[in-house]
J.: 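Take a look at the following structure, please.
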Amino acid sequence: MQPLRPRRPDNLWEFIGEHPFHAHVVTRLQATGFYTIFELGRMQLDWSLITALVERWRPETHTFHLPTGEATITLENVQVLYGLRVDRRAIALPRYIRSMTRAQFLDMMRHFTGYRPQGDAGGSRVALSAIRDHIAFLHPDITGETEDLHIERYTRLA
């Protein structure tokens, strides 16, 4: 059994809290429906609850086995909790993306965000600290005159 190793995006949330997004970035995030995540802010996680849920997860049925019965998380739950829209086409991870090498994945990331992380995190993982540092580097350059392409790439990183 591999222990639960949560990712800690604290530094990214601190940066976002200290450096509000430019109005153009907010407009893009609102258009995608993801701005509600930033409005909610960093949540305090209950590690005991997460551990208990992990112990009760049954991968065969994709449900949690609780004393009151089986429970699962649906897209409707996500929509209600986070305000994210679930009324459009699903985004699936096509087979060709799953079979990409790390270099190919990072090249795709550069294509969509203008940023290609360096280093060896392995697989398709990218350190949040590297993204935070790049956002911090770009942040002062976002102005009312910034080209749409740069706003779009910055928004995708955020």
Side-chain angles (χ1 to χ4, degrees), residues 1-21 25-136 152-158:
M1 293 285 292
Q2 187 177 22
L4 180 63
R5 290 181 27 217
R7 295 185 183 201
R8 300 202 180 256
D10 299 340
N11 292 337
L12 183 59
W13 279 112
E14 285 176 18
F15 175 81
I16 290 170
E18 295 169 3
H19 302 85
F21 292 127
V25 175
V26 170
T27 301
R28 292 235 183 222
L29 287 169
Q30 288 172 331
T32 63
F34 281 104
Y35 191 67
T36 57
I37 298 296
F38 294 101
E39 290 177 314
L40 290 172
R42 183 180 169 271
M43 293 183 209
Q44 185 62 40
L45 300 177
D46 183 338
W47 297 109
S48 299
L49 175 61
I50 291 171
T51 301
L53 288 172
V54 167
E55 291 172 355
R56 289 170 173 77
W57 177 253
R58 299 296 178 260
E60 314 82 43
T61 58
H62 299 286
T63 58
F64 295 101
H65 285 245
L66 306 172
T68 57
E70 290 186 5
T72 190
I73 298 171
T74 66
L75 283 176
E76 185 178 12
N77 298 134
V78 173
Q79 181 179 20
V80 169
L81 291 172
Y82 295 106
L84 297 174
R85 295 186 305 241
V86 293
D87 57 350
R88 294 193 178 184
R89 293 182 65 200
I91 298 174
L93 192 60
R95 285 188 188 129
Y96 71 89
I97 291 178
R98 282 188 233 131
S99 65
M100 284 181 166
T101 65
R102 177 162 174 77
Q104 291 169 328
F105 179 82
L106 295 177
D107 287 342
M108 182 184 67
M109 186 174 174
R110 179 179 46 212
H111 174 76
F112 287 109
T113 67
Y115 172 64
R116 187 181 196 280
Q118 303 302 314
D120 230 4
S124 60
R125 295 183 310 176
V126 177
L128 285 176
S129 58
I131 293 173
R132 182 215 49 230
D133 292 346
H134 190 69
I135 289 174
E152 187 173 314
R153 287 178 168 179
Y154 179 92
T155 304
R156 287 179 179 157
L157 277 175

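The first residue of the sequence shown is numbered 1, and numbering continues consecutively from there.
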J.: Is the count of non-hydrogen atoms from other residues, nucleotides or ligands lying under 6.0 Å from Phe64 atom CZ greater than 12?
T.: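 For Phe64, atom CZ is crowded (more than 12 foreign heavy atoms under 6.0 Å).
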J.: How are the rings of Phe21 and Tyr154 set to each other: parallel, tilted or perpendicular (split at 30° and 60°)?
T.: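 Perpendicular, since the angle between the ring planes exceeds 60°.
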J.: Might you confirm whether atom CZ of Phe34 has over 12 heavy atoms from other residues, nucleotides or ligands at distances under 6.0 Å?
T.: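 At most 12 heavy atoms, drawn from other residues, nucleotides or ligands, come within 6.0 Å of this atom.
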J.: Measure the CD1-CG distance between Ile73 and Leu81 for me, rounded to the nearest 0.5 Å.
T.: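 One gets 8.5 Å once the value is rounded to the nearest 0.5 Å.
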J.: Count the heavy atoms belonging to other residues, nucleotides or ligands that lie under 6.0 Å from CD of Glu76, then report whether that count exceeds 12.
T.: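 Counting neighbours around CD of Glu76, 12 or fewer heavy atoms of other residues, nucleotides or ligands fall under 6.0 Å, so no.
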J.: Report yes if the side chains of Pro117 and Leu106 come closer than 4.5 Å at any heavy-atom pair, otherwise no.
T.: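 Yes, side chains in contact.
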J.: Could you tell me whether Ile37 atom CD1 has more than 12 heavy atoms of other residues or ligands within 6.0 Å of it?
T.: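 Buried by this count: over 12 neighbours within 6.0 Å.
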J.: Measure from the side-chain N and O atoms of Thr36 to the backbone N and O of Tyr82, and report whether any donor-acceptor pair falls under 3.5 Å.
T.: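 Judged by distance alone, yes, a pair lies under 3.5 Å.
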J.: Looking at CZ of Arg153 and CE of Met109, how far apart are the two atoms once the value is rounded to the nearest 0.5 Å?
T.: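 Atom-to-atom, Arg153:CZ and Met109:CE are 12.0 Å apart.
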J.: Nearest 0.5 Å, please: how far is NE2 in His134 from CZ in Arg116?
T.: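 Atom-to-atom, Arg116:CZ and His134:NE2 are 13.0 Å apart.
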J.: Do the side chain of Asn77 and the main chain of Thr74 share a donor and acceptor less than 3.5 angstrom apart?
T.: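 Such a contact is found between Asn77 side chain and Thr74 backbone.
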J.: Can you tell if the side chain of Val54 reaches within under 4.5 Å of the side chain of Trp57, non-hydrogen atoms only?
T.: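 Of all side-chain heavy-atom pairs linking Trp57 with Val54, none is under 4.5 Å.
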J.: Specify the closest pair of heavy atoms between Arg156 and Phe112, including all atoms of both residues, with the distance to one decimal.
T.: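 Smallest heavy-atom distance, with atoms named: NH1-O, 2.9 Å.
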J.: In sequence, state the C-alpha distance, the side-chain angles, and the governing distance for Arg28 and Val25, and then conclude on side chain to side chain contact (heavy atoms under 4.5 Å, CB included).
T.: CA-CA 5 Å; Arg28 292 235 183 222; Val25 175; 5.7 Å; no
J.: At what distance, to the nearest 0.5 angstrom, does CG of Leu75 lie from CD of Gln79?
T.: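 The distance works out to 8.5 Å.
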J.: So, taking the atom named CG in Leu157 and the one named CD in Glu152, what distance separates them when rounded to the nearest 0.5 Å?
T.: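 So the gap between those two atoms works out to 11.5 Å.
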J.: To the nearest 0.5 Å, what is the distance between CZ (Arg56) and OG1 (Thr51)?
T.: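 It comes to 10.5 Å.
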